Amino acid sequence: MITIRNYIKATSLEQAWQLNQQRGSRIVGGMLWLKMGTGNVQTAIDLSDLSLDRIEETEEEFRIGCMVSLRQLEQHPGLAVYTGGAMKEALRHIVGVQFRNLATVGGSIFGRYGFSDVLTMFLVMDSYVELYAGGIVPLREFSQRGYDRDVLVRMIVKKEPARFVYSSVRNARTDFPVLTCGAACLENQETAYPEDQEGACLENQNAVCLTGRYRFSIGARPGKAILTEDQERILTGEVTEEKAAAFGRFAAGRVPTGSNLRGSAEYRSHLVEVLCTRAAIKLGGQQNADQY
Amino acid sequence: MLININLNGKNVRSEADPDLLLIDWVRAQGCYSVKRGCETSNCGLCTVFLEDKPVLSCSVLAVRADGKRVVTLEGIQEEGAEFGAFIADQGAEQCGFCNPGLVMNALALFRENPNPSEEEIREYLAGNLCRCSGYEGQMRGIRAYLEWKYGKSHMENEG
Ligand SMILES: Cc1cc2nc3c(=O)[nH]c(=O)nc-3n(C[C@H](O)[C@H](O)[C@H](O)COP(=O)(O)OP(=O)(O)OC[C@H]3O[C@@H](n4cnc5c(N)ncnc54)[C@H](O)[C@@H]3O)c2cc1C
Ligand code: FES
Ligand code: FES
């Protein structure tokens, strides 16, 4: 456990940012990750009083304060509808309800942990990080940056028309994942549906992906989540099992994996193939159409 | 720092170091049902309600609970004993060390969802580890309790 000398509940983001510029200062989110470490924290900065524990939903986007808990994310009805349940699936295996009532979105994204289900899920959506000093940055860029002393204020998720699926593999329930996989099928509303039927593609779960554009986010490789797209257009048109399997092989060849105590690189690459194949089938084609 | 926490219905004012954990604070107030079973926020034994939500008291700073309501098993003894009897009836446990955390979190589940399916029970209680048993006895106890409390028809919602 860390030791903490001073504890300050920030009264403004400016104050939090100023305090955080000093070496030895740390922002405390849910503290679950911080607590696993050792060392001295001169000033612990608490953002609890800044009303950042809220999820706002507008026509265009979700605005998710950094102090929102993983449990809040998991239970938010708007996110459940938008992601077709994928958000909940990404979070529900993380330790337990009591843990997720504490762990924050800010700490999870700022940490950019390799094993992170949270990062994997946000990365597959059109997500942005709002930093106090650094402004709004696409998550795909932020996820590759090194750590600095900025304050992560909120996440912004644009409601691009898309359908999502999420899956992960764990050696044992509640353990860190061996591989995580988020997948999105991007609908192009203009071409897929007439203008007056806005939002229709979200409800129409058995529609094939008319744009043929898919995005996959693979994490716990064990390196942090990265995106891979279907550049070769393997999944164009109706997604048959053959096409899905071909895409799975393509993804396994492209996504770098490594070994740690939870699994070998070879095993992980196999999982990339299997999870991507299944995700493509679920998102895309024959199987979905047959279900209805 | 001076903090003021409503613990089991009573306002308690005290001095707390900035890095004092809530688990150590509630134990210092005599709530010994709250125990530490791990160092990695994994076992659920330290579960308390913070503003009615179950949280791991081993992972919350006492100063963060300032001005808030905290409930431990000592604060809901009757409800705890009523449910605990059903777990005991099944002989579900061996050493019983995990019991207070399980009871707290199960009660949190029933408050949120009085009619949980089998899968919902397992999911909600996944963060309560028991090193002695295989959870089957606890699952039987939970089902028996729900049946007794809400009637037989209740458990037909198996998921
Ligand atoms: C035992 C254990 C198991 C876990 N298992 C999983 C898992 O299976 N899947 C998964 O996805 N995750 C897992 N996690 C990670 C967890 O979900 C959280 O992502 C992690 O604990 C960080 O969130 P936190 O709120 O606790 O952050 P903290 O520990 O409070 O902070 C983490 C870091 O972020 C900084 N920080 C926090 N908030 C901000 C902010 N607003 N601006 C700038 N910096 C900030 C802190 O200073 C610190 O450096 C696990 C963690 C633990 C401890
Ligand atoms: S003591 Fe194990 S989770 Fe808190
Ligand atoms: S009965 Fe021993 S830990 Fe559960």
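Just so it is clear, the model here is predicted, and its values are computed rather than measured.
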By number, which residues in residues 80-98 of chain B have some heavy atom less than 4.5 Å away from chain A?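 Heavy-atom contacts from residues 80-98 of chain B to chain A are absent.
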
Sort C58(B) into side chain, backbone, both or neither according to what part of it lies under 4.5 angstrom from a heavy atom of chain A.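 Interface part for C58(B): both.
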
Can you say whether L125(B) sits under 4.5 Å from chain A via the side chain, the backbone, both, or neither, judging by heavy atoms?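 L125(B) has no heavy atom closer than 4.5 Å to chain A.
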
M31(A)/V60(B) under side chain to side chain contact (heavy atoms under 4.5 Å, CB included): CA gap, chis, key distance, verdict: CA-CA 7 Å; M31(A) 208 183 67; V60(B) 181; over 6 Å; no

L34(A), part contacting chain B, at a heavy-atom distance under 4.5 Å: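 No part of L34(A) comes within 4.5 Å of chain B.
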
Under a 4.5 Å heavy-atom cut-off, does chain B meet the side chain of V41(A), its backbone, both or neither?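 No part of V41(A) comes within 4.5 Å of chain B.
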
Test V63(B) against I4(A) for side chain to side chain contact (heavy atoms under 4.5 Å, CB included), laying out the working first. CA-CA 11 Å; V63(B) 288; I4(A) 300 173; over 6 Å; no

Listing needed: what donor-acceptor pairs below 3.5 Å join chain B with chain A?
from: D19(B); atom 1: OD2; to: I4(A); atom 2: N; distance (Å): 2.9
from: T47(B); atom 1: OG1; to: Q98(A); atom 2: NE2; distance (Å): 2.9
from: P54(B); atom 1: O; to: N101(A); atom 2: ND2; distance (Å): 2.8
from: R64(B); atom 1: NE; to: D46(A); atom 2: OD2; distance (Å): 3.0
from: R64(B); atom 1: NE; to: S48(A); atom 2: OG; distance (Å): 3.4
from: R64(B); atom 1: NH1; to: G29(A); atom 2: O; distance (Å): 2.5
from: R64(B); atom 1: NH2; to: V28(A); atom 2: O; distance (Å): 2.9
from: R64(B); atom 1: NH2; to: G29(A); atom 2: O; distance (Å): 3.3
from: R64(B); atom 1: NH2; to: D46(A); atom 2: OD1; distance (Å): 2.9
from: N105(B); atom 1: ND2; to: Q98(A); atom 2: OE1; distance (Å): 3.4
from: E112(B); atom 1: OE1; to: R71(A); atom 2: NH2; distance (Å): 2.8
from: E112(B); atom 1: OE1; to: Q75(A); atom 2: NE2; distance (Å): 3.4
from: E123(B); atom 1: OE1; to: R92(A); atom 2: NH1; distance (Å): 2.6
from: N128(B); atom 1: OD1; to: Q98(A); atom 2: NE2; distance (Å): 3.2

